[in-house]
Amino acid sequence: MTTTDQPQDLLTTFVAQARWFGGKGRDFSITGGRRLGEVPGHVADGPHVAIDLVTLSFEDGGADEYYQLPLAFYAEPQERIAHAHLGQWHDEDFGTCHVYDAVHDREAMACWLRSFADPPESGPLAFHRLPGHELDLETHSTLFAGEQSNSSVAFGDDSLMKVFRKITPGANPDISIHEVLTTAGSDHVAALYGWLDTPSLTTEGEPTDQVLQLAMLQQFLKTATDGWDLALASVRNLFAEADLHADEVGGDFAGESARLGEALAEVHASLAHHFPTEERSAAQVGALAAAMRDRLEAALLVVPGLAPHADRLRAAYDDLAALESVRVQRIHGDLHLGQTLRTVRGWKIVDFEGEPAKPLSERVLPDSPWRDVAGMLRSFDYAPRVVERTWGNTDDDNAPQRAYRAAEWAERNRTTFLEAYAGRELTADEHVLLAAYVADKAVYETVYEVRNRPSWVAIPLEAVARIGVS
Ligand SMILES: Nc1ncnc2c1ncn2[C@@H]1O[C@H](COP(=O)(O)OP(=O)(O)O)[C@@H](O)[C@H]1O
Ligand SMILES: O=P(O)(O)O[C@H]1O[C@H](CO)[C@@H](O[C@H]2O[C@H](CO)[C@@H](O)[C@H](O)[C@H]2O)[C@H](O)[C@H]1O
C-alpha cells in the first residue's frame with residue numbers, strides 16, 4: 001500500500017468545489033489518502049494515471065466518507081486541460097508532476113478505455129468485461145457537463161463510463177442491477193459493458209472480503225433524450241394553446257407515459273425474477289410505516305410549512321401500517337423523469353444507485369415496487385408546475401387557466417402511466433401502499449427542495465396539501 005503525499009489544501013479545495021461532492025456546506029478536512037493503483041497503459045509523453053481514495057472527516061462529527069480521485073500526472077504543464085489543473089507536487093510514485101483531474105483528460109481516459117478492452121492480468125485494479133461488444137478504441141472522450149453525484153465520460157458515441165465519486169465498500173447497485181438486466185436481455189437499460197473494482201483493505205492494509213466498485217462502462221445511448229426535458233416540452237405546447245385540452249395538442253405526452261409505465265413494469269418483473277423477493281409480515285409493514293413517520297417528524301423540523309398537513313400524512317402511514325403483508329423486491333429506488341431516456345428504440349431507465357441520501361446498506365435492500373411508481377407519479381406532478389413557474393407573474397388573467405392546464409396534464413399522465421404499469425385495476429391494498437409512498441416521497445421532496453432549490457418547495461408542499469383531502 002502506498003500512502004500518497006499530496007498537498008492536502010489543494011485537494012480539499014478541489015473536492016469542496018466539485019459538483020459531485022455530496023457534503024456541500026459541511027466543513028471537512030482530508031485526513032487520509034491511499035493510492036488504489038495505477039491504470040495501466042502509460043506511453044511516452046503521456047500521463048501516468050492513478051486512482052487515489054481520500055478520506056474526508058467532517059467537523060460536524062458525522063462518519064468519515066471516502067471519495068475517488070482519478071488523477072493524471074504529467075512532467076510538463078498541459079495547456080489544453082489547464083481548467084482541470086489541481087497543482088504541482090512531488091508524488092511518491094511519479095516524482096514532481098503537474099496533477100490534473102483525469103476525467104477531463106483524453107490521454108488519461110484513453111489509458112482507462114484500453115484497460116477495459118485488454119484487462120491487465122494482475123494488479124490491484126480489476127477491469128471486468130461482459131461479452132458481446134467490441135469497444136471502439138478510436139474514440140475521443142468527453143466529460144458530461146451535467147455531472148451530479150458522479151462523473152460520466154462518453155467515448156465517442158460508443159460507450160459511457162460512470163466514475164463513482166463517493167465510494168462505499170460493497171456491491172454498487174448501479175452495477176449489479178445493470179449486470180443482471182443486461183444478461184437478461186432487457187430492452188429498458190443501457191447494456192453494461194464492464195466495471196472496475198479493487199479489493200477493499202482494512203486500515204492496516206489487509207484485504208477484506210469486500211470490493212470497492214469504482215466505475216462502470218456501458219452502452220452509450222446515441223439517440224437518447226431526457227424524459228424530463230420531453231415532459232417539459234409537452235407542457236409548454238399545452239400552455240401555448242390556451243384553449244385546447246392535453247389530448248388535442250401536438251406534443252401530448254400520454255402515449256409516452258403509457259410506454260414508460262409498460263417499461264417500468266417489465267424492469268420490475270425482470271428484477272423480481274432475477275433477485276430474491278420477500279413477503280413482509282404485518283410487523284415489518286408496521287416498521288415501514290414507522291420509518292415514514294420518522295421521516296415526517298425529521299422533515300417537520302426542516303420544513304415548518306408541513307405542519308398543517310402532518311395529521312393527514314400520518315393517517316396515510318396508519319393505513320399502511322394496517323396492511324397484513326407487502327411484497328418486496330429489488331427496485332430502482334429513486335425514480336423520476338430525469339432518470340428516464342427516450343431513444344428511438346423505446347424508453348431506458350438509468351442510474352440504479354437508489355436514493356442518494358441513504359447509506360448503501362439500505363439502498364440494496366428489497367423494497368416495494370410501488371415506491372418507484374410513486375416517484376414517477378410525483379414527477380408527473382412536478383413537470384407542469386415547473387413550467388407554470390417560468391411564467392413568473394401569477395397575477396395575470398391567464399394564471400388560473402394555466403393552473404387548470406397544469407393539473408390536467410399531471411392527472412392525464414399519472415393516469416395513463418399507472419394504467420399501463422398495472423394493466424388492471426389496483427386492489428384496495430395497492431391504493432393504500434401507493435398513497436403512503438407518494439406521501440413519503442412528497443415529504444422527502446420538501447426537504448430536498450429546502451436544501452437545494454428553496455424557491456421550488458411550494459411544488460411538493462402543494463402536493464402534500466392535497467393528500468388525504470376528500
Ligand atoms: N447510457 C447512457 N447513454 C447516454 N446518456 C446517458 C446514459 N446514461 C446516463 N446518461 C445521461 O447522463 C446523465 C447522468 O447519468 P446518471 O446515471 O443519472 O448519473 P449520476 O449518478 O451522476 O446522477 C443522465 O441524466 C443521462 O442524461
Ligand atoms: O437525480 P437524483 O438522484 O440526484 O435525485 C435528486 O434530485 C432530483 C432533482 O434533480 C429530485 O427530483 C425532484 O425534482 C425533479 C425535477 O427536477 C422531479 O422530476 C422529481 O419528481 C422530484 O422528486 C430527487 O427527488 C432527488 O432525490
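As the structure lists them, so they are numbered: ligands from 1, and atoms in each ligand from 1. This is a predicted model, so every value here is computed, not measured.
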* **Ion pair check, D187 and K348, cut-off under 4.0 Å** =>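 No salt bridge links D187 with K348.
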* Asked: In terms of side-chain geometry, is the basic nitrogen of R414 or E411 positioned less than 4.0 Å from the acidic oxygen of its partner?
  ->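 Result for this pair is yes, salt bridge flagged.
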Just which atoms of ligand 1 are under 4.0 Å from any heavy atom in [X]?
{"X": "K162", "answer": "16 (P), 17 (O), 19 (O), 20 (P), 21 (O)"}
{"X": "A190", "answer": "1 (N)"}
{"X": "Q339", "answer": "18 (O)"}
{"X": "E353", "answer": "21 (O)"}

Quick one about [Y] and [X] (side-chain donor to acceptor, distance below 3.5 Å, no hydrogens or angles considered), yes or no?
{"X": "W409", "Y": "S234", "value": "yes"}
{"X": "E353", "Y": "N150", "value": "yes"}
{"X": "S151", "Y": "R165", "value": "yes"}
{"X": "E179", "Y": "T183", "value": "no"}
{"X": "Y421", "Y": "H268", "value": "yes"}

* Which bit of F144 is near ligand 1, meaning a heavy atom under 4.0 Å away: side chain, backbone, both or neither? ->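 Contact part for F144 vs ligand 1: side chain (C-beta onward).
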* Asked: When you look for heavy atoms under 4.0 Å from ligand 1, do you find them on the side chain of V350, its backbone, both, or neither?
  ->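 Under 4.0 Å from ligand 1, V350 contributes side-chain atoms alone.
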* Trace of the side-chain hydrogen bond (donor to acceptor under 3.5 Å, both in side chains) decision for Q17 with T13 -> CA-CA 6 Å; Q17 291 174 353; T13 308; 5.9 Å; no
If we only count N/O pairs under 3.5 Å, is [X] in contact with ligand 1?
{"X": "D174", "answer": "no"}
{"X": "L341", "answer": "no"}
{"X": "N150", "answer": "yes"}

* Does some non-hydrogen atom of K348 fall short of 4.0 Å from ligand 1? ->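 Checking ligand 1 against K348, which is what was asked, there is no heavy-atom contact under 4.0 Å.
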* Are A224 and ligand 1 in contact, using a heavy-atom cut-off of under 4.0 Å? ->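 No.
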* Set of residues satisfying side chain to side chain donor-acceptor pair (under 3.5 Å) with respect to D158, sequence neighbours excluded ->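 Applying side chain to side chain donor-acceptor pair (under 3.5 Å) to D158 gives H133.
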* Qualifying residues under side chain to side chain donor-acceptor pair (under 3.5 Å), relative to D64, sequence neighbours excluded ->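 Once residues adjacent in sequence are excluded, the partners of D64 under the side chain to side chain donor-acceptor pair (under 3.5 Å) criterion are S57.
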* **Under the side-chain contact (heavy atoms from CB on, under 4.5 Å) test, residues paired with A258 that sit two or more places apart** =>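 Result, side-chain contact (heavy atoms from CB on, under 4.5 Å) vs A258: A420.
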* Could you pull out every protein residue that has a heavy atom closer than 4.0 Å to ligand 2, ordered by chain and then number? =>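 Under the 4.0 Å cut-off, ligand 2 touches Q148, W228, D334, H336, Q339, P356, R378, S379, Y382, K441, Y444, E445, Y448, R453, W456.
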